[in-house]
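Throughout, residue positions are numbered sequentially from 1 according to the sequence presented.
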Amino acid sequence: MRYVVGGFMRSGTSMMMKCLEAGGLEALYSDETESLQGMRYRGGGYEPNVGGFYEGFGGEIGHGQVVKRLKRSPLLLNEKVYSVLIMRRESEEIRQSAQAIFNKDLPRGYGVQANKTMDEVESKLKTRSNIILFSLNYRDVVGNPIDAFTRLNWPIDIESAANVVDKTQCRYKKEYLDEGA
């Protein structure tokens, strides 16, 4: 099986990739992209993705390998079978986390549009016969990783994957945010 983690940025895709790699899947990404993303987003005391971004792989995905695709890019066009996980997150959490990484104000509808985009992606993927589709909420994974990875049912060491989840990195929680801040 080939595995894909998809989602809108700031929805937990990098955390999920790090967990799946610790659980035994081979994570594919570009070292060059990792370096560029690190230079682009780090600074000012905010570390957006401790452990990396896991982005930029453009090659063929093999059996037992996992790759991250953001936004619309999980729409896989060949006929191979993929197990695809879409990470979801509350709209305002996405928006305020994105504001922190970009260091600029984003419109109030940013997170809402992010989730609408992922709704469209999920809808399209559901029509594909070569896609086995899963969806997890970022906060569910952070709150109870053992349960989340058990429901995902991918061939990973659940304990090892769950041990990677760092609740302190969940810095934007709806219940602590001022909507529109």
Atom pair [atom1] ([X]) and [atom2] ([Y]), whose distance is rounded to the nearest 0.5 Å:
| X | Y | atom1 | atom2 | answer |
| --- | --- | --- | --- | --- |
| C19 | I158 | SG | CD1 | 12.0 Å |
| I94 | M118 | CD1 | CE | 9.0 Å |
| R151 | F134 | CZ | CZ | 11.0 Å |
| K80 | E60 | NZ | CD | 3.0 Å |
| N130 | L125 | CG | CG | 9.0 Å |
| S11 | E93 | OG | CD | 11.0 Å |

Under a 4.5 Å side-chain heavy-atom rule over Ile, Leu, Val, Met, Phe, Trp and Tyr, are [X] and [Y] clustered together?
| X | Y | value |
| --- | --- | --- |
| M1 | M16 | yes |
| I101 | L106 | yes |
| L152 | V81 | yes |
| V164 | V5 | no |

Can you check whether [Y]'s main-chain N or O pairs, donor with acceptor, with [X]'s side chain at less than 3.5 Å?
| X | Y | value |
| --- | --- | --- |
| R89 | G12 | no |
| R69 | V4 | no |
| T150 | I146 | yes |
| Q65 | E26 | no |
| N115 | E90 | no |
| N163 | E159 | yes |

Under 4.5 Å between any side-chain heavy atoms of [X] and [Y], yes or no?
| X | Y | value |
| --- | --- | --- |
| H63 | R2 | yes |
| L20 | Y3 | no |
| V66 | L85 | no |
| Y110 | R10 | no |

Contact summary for [X] and [Y], nearest pair of heavy atoms:
| X | Y | answer |
| --- | --- | --- |
| A22 | S160 | O-CB, 3.5 Å |
| A27 | M17 | CB-CE, 3.9 Å |
| V165 | P145 | CG2-CB, 3.7 Å |
| M87 | M15 | CE-CE, 4.4 Å |
| I156 | A161 | CD1-CB, 3.8 Å |

With under 30° as parallel and over 60° as perpendicular, where do the rings of Y54 and Y29 fit, or are they tilted in between?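 If you compare the ring of Y54 with that of Y29, the planes turn out perpendicular.
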
With the threshold set at 4.0 Å, does a side-chain nitrogen-carboxylate oxygen contact exist between E21 and K18?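 No, no charged N to carboxylate O under 4.0 Å.
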
